[in-house]
Amino acid sequence: MTSIFDPRVPAGAFDDFLVDALPAAREQRSWTAADGALPSTYLSHGAPPLFDDGPWMRDLHTWALSMPKPKDVLIVSAHWESAPLSISSSAAHTPLVYDFGGFARRYYEMTYATPDASDLARRVAGAMPDSEPVHEHTRRGLDHGAWVPLKVMYPLGDVPVLQLSLPTHDPHRLLDLGRRIRELRQEGTLVIGSGFMTHGLPFLTRESIASGQVPSWSRDFDAWAAELLAAGDVEGLARYAAEAPGLPYAHPTVEHLSPLFVTLGAADQPEQPVTTTVDGWMMGLSRRSFQVQ
């Protein structure tokens, strides 16, 4: 399925989306301990163009509604590469990072005033070994890899959100990081790795941007990843640098793939087949997203 991208009225599709999404969000049941662990998730997050894509927003919101509303969200975005391990400000109404350029003014005026996340910050810090303390950047807000999809998934802005930095791109170290935060899912935390299954922006053609033509490198990488995710082949995925087809084009830099390994590490059974929740294409790029228990 190719998404329908219509930027003629900036975020006009988002306004239309909210007509049904807000009432549904108000009716969403909150997580309780009886629900057990929430799934570990990976999503392709988009940027401002997500707000111009009605079908994609409905897919993300339907996914969010398929789960109880989480107690809080811990999200690892492609757009914060920082070592040592760090977290964003846990204060209520954390400011947003508008880390994109060339878009209409409306996108830079959007807000997402989430509640205090200090309880989650304490739990994240407690999940780390003494040898790896977590630094809170009190002035660091949520970047677009966090607030853009979450504004669609939880449009009421009533779920505390904390962002965790990407301290490395080594798949095995990221799997270990995911394991450390695994228990938070038992406490009602939704763990999200936010990237993009293919992200070869420099190699998109006019045909891809205008009509959604899918380049062969994007299709080949997505098919490879889908096959290994369906087989639960975590080690195969970790060998992407040597084995993934189309890699230099699908991921000329790998920050949009790296959050996937945090997601798998945080799963109870990372080697079980994942459940694909969103698929299809945006300007030739794969929107593949999934969850795993």
Side-chain angles (χ1 to χ4, degrees), residues 1 3 5 7 11 13-14 17 21 39-64 67 70 73-81 88 94 96-103 107-108 110-112 114 140-155 157 159 161-166 169 174 178 190-201 204 218 221-222 225 229 250-251 253-264 266 274 276-292:
M1 172 180 156
S3 59
F5 175 62
F14 180 68
F17 158 79
S40 187
T41 63
Y42 172 85
L43 59 81
S44 293
H45 61 239
L50 176 60
F51 297 123
D52 298 316
D53 191 322
W56 192 1
M57 286 188 287
R58 288 192 292 274
D59 285 347
L60 276 175
H61 192 235
T62 298
W63 181 15
M67 302 176 276
V73 169
L74 180 62
I75 188 164
V76 182
S77 162
H79 298 286
W80 190 17
E81 301 166 82
S88 61
T94 297
L96 305 184
V97 180
Y98 303 95
D99 50 340
F100 43 75
F103 293 96
Y107 304 113
Y108 303 92
M110 285 182 156
T111 60
Y112 193 57
T114 52
R140 215 285 179 180
L142 304 175
D143 65 44
H144 82 262
W147 71 264
V148 168
L150 290 174
K151 191 173 175 69
V152 170
M153 295 176 76
Y154 302 105
V159 178
V161 178
L162 194 69
Q163 190 168 337
L164 188 66
S165 72
L166 268 176
H169 292 297
L174 292 171
L190 182 64
V191 173
I192 301 178
S194 177
F196 220 118
M197 190 57 74
T198 59
H199 198 252
L201 294 177
L204 292 180
S218 186
F221 184 93
D222 176 69
L229 288 167
H251 289 285
T253 56
V254 299
E255 70 277 1
H256 280 77
L257 182 62
S258 293
L260 177 148
F261 295 102
V262 180
T263 295
L264 293 176
V274 307
T276 299
T277 52
V278 179
D279 58 10
W281 313 90
M282 190 277 290
M283 294 191 298
L285 302 176
S286 170
R287 305 181 306 157
R288 185 174 299 281
S289 305
F290 66 84
Q291 67 182 50
V292 59

Test item: Trp281 and Asp222 side chains (from C-beta on) under 4.5 Å apart, heavy atoms:
yes

Between CG of Leu174 and CG of Leu166, what distance do you get to the nearest 0.5 Å?
6.0 Å

Does Leu43 reach the side chain of Val278, with side-chain heavy atoms less than 4.5 Å apart?
no

Hey, is the main chain of Ser289 close enough, under 3.5 Å, to the side chain of Thr277 for a donor-acceptor pair?
yes

With side chain to side chain contact (heavy atoms under 4.5 Å, CB included) as the test, would you mind laying out the steps for Leu201 and Leu285 before giving the verdict?
CA-CA 8 Å; Leu201 294 177; Leu285 302 176; 3.7 Å; yes

Closest non-hydrogen atoms of Val76 and Pro259, given as atom of the first, atom of the second and distance, are O-CB, 3.8 Å

Beyond-backbone contact of Phe103 with Tyr108, side-chain heavy atoms, under 4.5 angstrom:
yes

Just by modelled atom types, is the Glu255 backbone N or O under 3.5 Å from a matching donor or acceptor in the Thr253 side chain?
no

Run Leu264 and Phe290 through side chain to side chain contact (heavy atoms under 4.5 Å, CB included) and show every step you take.
CA-CA 10 Å; Leu264 293 176; Phe290 66 84; 4.1 Å; yes

Got Leu50 and Leu60 here, is their nearest side-chain heavy-atom distance under 4.5 Å?
yes

Identified ring pair (Phe, Tyr, Trp, His ring centres under 6.0 Å) counterpart of His199 within the set His251, His256, His45
His256

Distance-minimising heavy-atom pair for Thr198 and Gly284:
OG1-O, 4.5 Å

Evaluate the side chain to side chain contact (heavy atoms under 4.5 Å, CB included) criterion for residues Ile192 and Leu150: first the C-alpha distance (whole Å), next the side-chain angles of each, then the deciding distance (0.1 Å), finally the verdict.
CA-CA 10 Å; Ile192 301 178; Leu150 290 174; 3.9 Å; yes

Could you tell me if the ring centre of Phe17 sits under 6.0 Å from that of Phe51?
no

Taking the side chain as everything from C-beta on, heavy atoms only, tell me whether Asp52 gets closer than 4.5 Å to Tyr107.
yes

Has the side chain of Trp147 got a donor or acceptor atom that lies under 3.5 Å from a matching backbone atom of Val97?
yes

Counting distance only, does the side-chain N/O of Ser40 pair as donor-acceptor with the main-chain N or O of Thr263 below 3.5 Å?
yes

Should Tyr154 and Val161 count as side-chain neighbours, where that means a heavy-atom distance under 4.5 Å?
no

Answer whether the closest heavy-atom distance between the side chains of Val159 and Met153 falls below 4.5 Å.
no

If you measure from OH on Tyr98 to CG on Leu142, what distance do you get to the nearest 0.5 Å?
10.5 Å

Using only atom types and a distance under 3.5 Å, with no angle test, would you say the side chain of Ser44 pairs donor to acceptor with the backbone of Met197?
yes

How long is the gap from CE on Met282 to CH2 on Trp56, to the nearest 0.5 Å?
4.5 Å

Nearest heavy-atom pair of His169 and Ser258: which atoms, and what distance?
ND1-OG, 2.7 Å

Are the side chains of Tyr42 and Val274 in contact, using a 4.5 Å heavy-atom criterion?
no

For residues Lys151 and Thr111, report the shortest heavy-atom separation together with the two atoms involved.
NZ-O, 2.6 Å

Ignoring hydrogens and geometry, is there a side-chain-to-backbone donor-acceptor pair from Gln163 to Asp143 under 3.5 Å?
yes

Identify the heavy atoms of Asp53 and Ala13 that sit nearest to each other, and give their distance.
N-CB, 4.0 Å

Rounded to the nearest 0.5 angstrom, the OG1-CD1 distance for Thr41 and Ile75 is 7.5 Å

Taking Arg288's backbone N and O only, do any of them form a donor-acceptor pair with Asp279's side chain (distance below 3.5 Å, no angle check)?
no

Of all heavy-atom pairs between Ser77 and Gly145, which one has the smallest distance, and what is that distance?
OG-CA, 3.5 Å

